[in-house]
Amino acid sequence: MSDTTKQRILTGLQPSGALHIGNYFAALAPQVELSKTHDDVFLMVADYHALTSVRDGAVLRGYIYDLVRDYLAAGIDPHRVTLFRQSDNPDHMELAWVLQCLVSVKFLELAHAYKDKVAKGLEANAGLFNYPMLMAADILLYNIDIVPVGEDQRQHVEYAREAVSKFNLAYGPVLKEPKELIEKTVGVVPGTDGKKMSKSYKNTIPAFGTREEIEKAVMSIVTDSTGDRPEHVFAIHKVLYEQTGRALSELDALYEEHKGKYKALKDALVNDLDTFIAPMREKRESISDAHIKEVLAAGVEKARSVSSQTLARVRDAIGISLV
Ligand code: ADP
Ligand code: TRP
């Protein structure tokens, strides 16, 4: 097997709301782990992607600071990782346009984010429609080998590969094909109502919440009045135990001991969540906006030193650099 630690990795998250523990365990924590074992990692704050859903300048600005703070609090070392913001590097927009000119409307109509919105009878904006080619540009600018993402983003990486093949067929071998890396270990983290935890369902437990916020979320977990074990409480508790390496037999014993006592079990979950979150929450509070701006400025400088070279080759190939 080839040594994957030498491969170049890029992934990112949208700054579109407070991260919940589903995001943390499925996306943030694995990204932090990869960044420790791999030497060439790019982490991007996808703020232009967030613009497809956030419509308030002050709110978006807050979400951007929040996400960088989350990354740093979760253990990203900005000296090892190129942590940068999409909108700080105009190369993304330029390549996205070039790629959009290569793929068909029919092809983009089949992309999940767009298709799902339309299927729900909601009006999608043109940004959402073009979203996969912006994401392709994010990846292709950096000659990326591996893109770690959740299952829901698999198709977008396939779209990036399709863009490469269209481009290289038309202009010659300029862009590199990326591969997705799907984290299988976590699966779907359930929310307070038992459905997939998602900020759009308002069923979340905040990943960096205060004790009061955690308490409020846990107390809202739906329990039915029959049965010994509150299943939705147990399901979330189980994810926490699995992810923090605690024995599930211990958890079974706890639920056996407090059979039918839903309040005691919810209190236990609040305590376990708070114990896990408190150190990151404290670290997070110590990170200033000024530090975040410094980190992003250094990050985009590194990012541009790579992307500008790819874009120069693209401009040459497509004929817009006059010789
Ligand atoms: P949300 O559904 O809350 O809007 P996003 O779509 O922004 O979350 O997802 C960001 C990342 O978190 C993606 O990699 C996605 O796969 C992961 N993710 C979101 N919700 C869950 C969940 N309930 N369980 C596991 N992973 C999740
Ligand atoms: N679309 C991704 C999400 O919603 C975020 C993202 C944007 C991304 N550009 C990317 C992820 C490039 C990986 C690579 O989660």
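Below, each value reflects all heavy atoms present in this structure, side chains not excepted, and no hydrogens, waters or symmetry copies. Counting starts at 1 for both ligands and their atoms, in listed order.
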Fill in: 4.0 Å heavy-atom contact, Met44 with ligand 2
yes
Worksheet entry | Pick from Leu13, Asn23, Ile182, Thr11: the one approaching atom 17 (C) of ligand 1 most closely through a non-hydrogen atom | Asn23
Practice prompt. Any atoms of ligand 1 less than 4.0 Å from a non-hydrogen atom of Met197? List them with their elements.
Written response: 20 (N), 21 (C), 22 (C), 23 (N)
Worksheet item: Yes or no on side chain to side chain donor-acceptor pair (under 3.5 Å) for Asp91 and Ser308, after CA distance, side-chain angles and deciding distance?
Response: CA-CA 7 Å; Asp91 294 351; Ser308 61; 5.2 Å; no
Worksheet, complete the sentence: Any heavy atom of Val189 under 4.0 Å from ligand 1? The part involved is both
Worksheet item: What do the steps show when you test Asp66 against Arg284 for salt bridge (Lys or Arg N to Asp or Glu O under 4.0 Å), and what is the final call?
Response: CA-CA 9 Å; Asp66 280 348; Arg284 201 177 175 282; 3.4 Å; yes
Worksheet item: Hey, what do you get for CD (Gln14) to CG (Asn23), rounding to the nearest 0.5 Å?
Response: 10.5 Å
Worksheet item: Is it the case that Asp40 and Gln7 place a side-chain donor and acceptor less than 3.5 Å from each other?
Response: no
Discussion item. If you take the centroid of each ring, where Trp contributes its six-membered ring, are Phe25 and Phe276 closer together than 6.0 Å?
Written reply: yes
Worksheet item: Hey, are Glu151 and Arg154 close enough for a salt bridge, meaning a charged N less than 4.0 Å from a carboxylate O?
Response: yes
Worksheet item: Which heavy atom of the protein is the closest neighbour of atom 5 (C) of ligand 2, given with residue, atom name and distance?
Response: Gly12 O, 3.7 Å
Worksheet item: Going by the angle between their ring planes, with limits at 30° and 60°, are Tyr159 and His156 parallel, tilted or perpendicular?
Response: perpendicular
Worksheet item: Nearest heavy atom to atom 15 (C) of ligand 1: which of Thr204, Val239, Asp152, Val188 does it belong to?
Response: Asp152
Item to complete: State yes or no: are the ring centers of His49 and Tyr131 separated by less than 6.0 Å?
Response: yes
Worksheet entry | Sub-4.0 Å atoms of ligand 2 with respect to non-hydrogen atoms of Tyr131 | 1 (N), 2 (C), 3 (C), 4 (O)
Discussion item. Tell me if the aromatic rings of His237 and Tyr241 count as close, with their centers under 6.0 Å from one another.
Written reply: yes
Discussion item. Ignoring hydrogens and geometry beyond distance, is a side-chain donor-acceptor pair present between Asn203 and Thr192 at under 3.5 Å?
Written reply: no
Worksheet item: How far is atom 6 (C) of ligand 2 from its nearest protein heavy atom, and which residue and atom name does that atom have?
Response: Met135 SD, 3.9 Å
Worksheet item: Could an N or O of ligand 2 be found under 3.5 Å from any N or O of Gln14, whether backbone or side chain?
Response: yes
Worksheet item: Is Lys196 near ligand 1, meaning one of its heavy atoms is under 4.0 Å from it?
Response: yes
Fill in: His20, portion touching ligand 1 at heavy-atom distance under 4.0 Å
side chain
Worksheet item: In terms of atom number and element, which parts of ligand 2 are under 4.0 angstrom from non-hydrogen atoms of Ala46?
Response: 7 (C)
Fill in: Nearest option to atom 7 (C) of ligand 2, as decided by whichever heavy atom of Gln153, His49, His92 sits closest
His49
Worksheet item: Is any side-chain N of the basic residue among Glu162 and Lys166 closer than 4.0 Å to the acidic one's carboxylate O?
Response: yes
Fill in: Protein contact to atom 25 (C) of ligand 1 [nearest heavy atom, distance to 0.1 Å]
Gly187 O, 3.2 Å
Worksheet entry | For atom 2 (O) of ligand 1, closest protein heavy-atom neighbour | Ser198 OG, 2.8 Å
Worksheet item: Would the His20 and Phe208 ring centres measure less than 6.0 Å apart?
Response: no
Worksheet entry | Pair Asp77 + Arg80, salt bridge at N-O below 4.0 Å | no
Worksheet, complete the sentence: heavy-atom search around atom 4 (O) of ligand 1 in the protein gives Lys199 NZ, 3.0 Å
Worksheet item: If you measure every N/O of Ser200 against every N/O of ligand 1, is any gap under 3.5 Å?
Response: no
Worksheet entry | Donor-acceptor contact present, side-chain His38 to main-chain Leu34, <3.5 Å | yes
Worksheet item: With only distance considered, is Gln86 within less than 3.5 Å of ligand 2 through an N or O on each side?
Response: no
Response to the item:
Atoms of ligand 2 under 4.0 Å from any heavy atom of Val147, numbered from 1 in the order shown, are 13 (C), 14 (C)
Discussion item. Taking 4.0 angstrom as the limit and counting only heavy atoms of Leu10, give me the atoms of ligand 2 inside it, by number and element.
Written reply: 12 (C), 14 (C)
Worksheet item: What are the atoms of ligand 1, with element, lying closer than 4.0 Å to any heavy atom of Ala26?
Response: 25 (C), 26 (N), 27 (C)
Worksheet item: Mind checking whether Glu151 has an N or O less than 3.5 Å away from an N or O of ligand 1?
Response: no
Worksheet item: Which heavy atom of the protein is the closest neighbour of atom 9 (N) of ligand 2, given with residue, atom name and distance?
Response: Asp138 OD2, 2.7 Å
Practice prompt. Please could you name the atoms of ligand 2 that Thr11 approaches to less than 4.0 Å, counting only its heavy atoms?
Written response: 13 (C)
Worksheet entry | Non-hydrogen atom of Val149 closer than 4.0 Å to ligand 1 | no
